[in-house]
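Encoded as structure tokens, the structure appears first; notes follow it.
These numbers were taken from a predicted model, which means no experiment stands behind them. Residue numbers run from 1 in the order of the sequence given.
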Amino acid sequence: MASIRSLLSDRPCADVEAFIISQLWGTDVQTLPGSYQSYFRYYGTECRRLQFGISKEAWQSTSMAANTHEHVIIIVNTLALDKSRNRPAVRALLRQHFPGSHDLALDRSIDFALRAWLTMNVREESFALHTPRTPTIQWDDSSSLAGFVLRNFPRATTTSSYPLDHTFTAANINRLSGIDIEWTPCLADHLRFDKRRRLLRVYPFKQTLLDHLQTWETLIPLTVLKEALLSLDLLFPYRDPLTDSFMRQHDQTFHLEGPFEDSGPLSLMDFDHWRNRLLDLHHMFHSPPVGWSQIWADRRNPLQWYTFWLAFVILVLTLAFGIISSVTAIIQTCLAYESIKIARSQQIPG
């Protein structure tokens, strides 16, 4: 397939995109039209970042062994052969395809392939400004590929358990708690909550999670993939009017991608890897509203909502009547004073 040999700087056509997906996860794109639009926006952005810099010498692509889409597939296939290999062993295998390439050129090519394959922000710290809101991840020479990936998905340290009911959705979190949603292409960044900016990062590539699950021997732990999918189904429920409206505003459709399983009520204990982040989000969601719009919209407790607004109306009316009474008293005092002045002037002989 000649076009797969096109440069990374060239935008892949539909056939090349289909070939990339089939090689990464063995999926037939034609059976899932539209499911990879968000992914290839990310892929295209990563390709363009290879040429960030004030000159060609500063471009990352200048010091990479891989420069075509085919090269990326070759590196991914090499990585997938044995996930217990460390990076020096992978470099040794890749020199069969990229003879004469130095370690840095191979390392940067491996990083790009991992970003394309695993959608994790694997890049050198020196390129952190390419993704200022997403922490960078580095694979060193001592750890295996499987160990490196697993290290980025630690198990929960909290044993707290709270029920996660049907109101705990991204649309409600945004509407009732004033928390904005920002999409992240890095799976390790999923559900990271920035308290200072009141910003929740969400990984939107649902189809790639499903593809990893269907892979014969996936590199990302199955529990991580299943919990990530479960969290997306929880926060973005199918056939929920508020969620549909919210997703249209954000130009996202992954909540419409099946399969859909009715798992019943969930709790934090259903999440082993994402429990800590969900706990932080749950606490923020159930904290008192931060603004008048949130107070008005938050009707999860109708009795409390009506009591608050009834008290507020009474307070406003009391203040209004108090102000009116004060103004009336002032006017009456002024009129009385003027009447006294007029009476006194009439008593003075002419």
Side-chain angles (χ1 to χ4, degrees), residues 1-80 90-91 93-124 126-132 134 136 139 183-187 203-205 207-208 211-212 251-254:
M1 192 174 189
S3 57
I4 195 63
R5 296 187 175 92
S6 58
L7 297 175
L8 290 172
S9 57
D10 298 332
R11 181 177 179 178
C13 64
D15 289 340
V16 174
E17 290 182 352
F19 183 79
I20 290 172
I21 294 300
S22 68
Q23 292 298 302
L24 292 179
W25 300 296
T27 307
D28 184 1
V29 175
Q30 294 181 353
T31 63
L32 299 164
S35 297
Y36 295 97
Q37 290 181 1
S38 295
Y39 171 79
F40 277 108
R41 283 198 294 268
Y42 157 71
Y43 184 87
T45 299
E46 285 299 323
C47 288
R48 291 190 295 273
R49 282 175 176 150
L50 297 178
Q51 296 185 349
F52 280 7
I54 58 176
S55 65
K56 190 173 182 179
E57 289 71 23
W59 291 355
Q60 191 177 349
S61 58
T62 304
S63 57
M64 283 177 57
N67 53 43
T68 69
H69 302 291
E70 183 182 40
H71 289 162
V72 176
I73 298 302
I74 290 172
I75 296 173
V76 169
N77 289 337
T78 303
L79 291 168
V90 174
R91 286 198 299 262
L93 289 175
L94 289 177
R95 284 196 169 90
Q96 302 173 18
H97 303 281
F98 307 98
S101 297
H102 53 81
D103 286 358
L104 182 61
L106 291 172
D107 287 345
R108 289 180 174 175
S109 301
I110 291 170
D111 287 351
F112 183 87
L114 288 173
R115 294 198 296 273
W117 180 31
L118 303 181
T119 58
M120 293 171 60
N121 195 31
V122 185
R123 69 179 81 238
E124 298 165 66
S126 57
F127 296 113
L129 288 178
H130 289 184
T131 56
T134 308
T136 58
W139 181 23
W183 312 110
T184 174
C186 177
L187 180 57
Y203 178 84
F205 304 151
Q207 186 56 51
T208 64
D211 290 341
H212 277 292
D251 193 26
Q252 292 286 347
T253 59
F254 65 81

Pair Val90-Ile75, side-chain contact (heavy atoms from CB on, under 4.5 Å): steps then yes or no: CA-CA 9 Å; Val90 174; Ile75 296 173; 5.7 Å; no
Evaluation steps, side-chain contact (heavy atoms from CB on, under 4.5 Å), between Ile73 and Leu24: CA-CA 7 Å; Ile73 298 302; Leu24 292 179; 4.2 Å; yes
Verdict with reasoning, Tyr43 to Ile20, per side-chain contact (heavy atoms from CB on, under 4.5 Å): CA-CA 11 Å; Tyr43 184 87; Ile20 290 172; 3.9 Å; yes
Verdict with reasoning, Phe52 to Phe127, per side-chain contact (heavy atoms from CB on, under 4.5 Å): CA-CA 10 Å; Phe52 280 7; Phe127 296 113; over 6 Å; no
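Residues passing the salt bridge (charged side-chain N to carboxylate O under 4.0 Å, His left out) test with Asp211: none are found, sequence neighbours excluded. Residues passing the side chain to side chain contact (heavy atoms under 4.5 Å, CB included) test with Ala128 are Glu125, Thr136, sequence neighbours excluded. Thr62 pairs by the side-chain hydrogen bond (donor to acceptor under 3.5 Å, both in side chains) definition with nothing, not counting sequence neighbours. Scored by the side chain to side chain contact (heavy atoms under 4.5 Å, CB included) test, Leu7 finds Ser9, Asp10, Asn67, Thr68 as partners (sequence neighbours excluded). Applying the ring pair (Phe, Tyr, Trp, His ring centres under 6.0 Å) test to Trp59 and every residue at least two apart in sequence or in another chain returns nothing. Listed by chain and number, the residues in a salt bridge (charged side-chain N to carboxylate O under 4.0 Å, His left out) with Glu46 are Arg49, Arg115, Arg123 (sequence neighbours excluded). For Thr131, the side-chain hydrogen bond (donor to acceptor under 3.5 Å, both in side chains) partners two or more places apart in sequence, or in a different chain, are Asn121. Residues passing the ring pair (Phe, Tyr, Trp, His ring centres under 6.0 Å) test with His71, sequence neighbours excluded: Phe98. Scanning for side-chain hydrogen bond (donor to acceptor under 3.5 Å, both in side chains) contacts around Thr134 gives Arg201, with sequence neighbours left out. Looking at residues two or more places apart in sequence or on another chain, you find a side chain to side chain contact (heavy atoms under 4.5 Å, CB included) between Arg41 and Gln37, Ser38. Looking at residues two or more places apart in sequence or on another chain, you find no side-chain hydrogen bond (donor to acceptor under 3.5 Å, both in side chains) involving Ser61. Qualifying side chain to side chain contact (heavy atoms under 4.5 Å, CB included) partners for Arg11, counting only residues two or more places apart in sequence or in other chains: none.
Side-chain atoms of Leu94 and Arg91, non-hydrogen and from C-beta on, never get closer than 4.5 Å to each other. For the pair Arg95 and Asp103, the minimum side-chain heavy-atom distance is below 4.5 Å.
For the atom pair Gln23 CD and Glu70 CD, the distance stands at 9.5 Å (nearest 0.5 Å). To the nearest 0.5 Å, the span separating OG on Ser6 from CG on Leu8 amounts to 8.0 Å. Atom CD1 of Ile4 is separated from atom CZ of Phe19 by 5.0 Å, given to the nearest 0.5 angstrom. Expressed to the nearest 0.5 Å, how far CH2 of Trp139 lies from CG of Asp111 amounts to 9.0 Å. Between atom CZ of residue Phe40 and atom CD1 of residue Ile21 there is a gap of 4.0 Å, rounded to the nearest 0.5 Å. The line from CG of Leu187 to CG of Leu118 is 9.0 Å long, rounded to the nearest 0.5 Å.
At a cut-off of 3.5 Å, with distance as the only test, a side-chain donor of Arg108 or Ser63 sits close to an acceptor on the other residue.
The ring pair (Phe, Tyr, Trp, His ring centres under 6.0 Å) test with Phe254 is passed by exactly one of Phe205, Tyr36, Trp183, Tyr203: Trp183.
Distance alone, capped at 3.5 Å, is enough to place a donor-acceptor pair between the Ser109 side chain and the Ala65 backbone. The backbone N or O of Ala116 lies less than 3.5 Å from a partner atom in the side chain of Tyr39, making a donor-acceptor pair.
Of all heavy-atom pairs spanning Leu79 and Ala113, the tightest one is CD1-CB, 4.5 Å. The heavy-atom pair separating Pro12 from Glu17 by the smallest distance is O-OE2, 3.7 Å.
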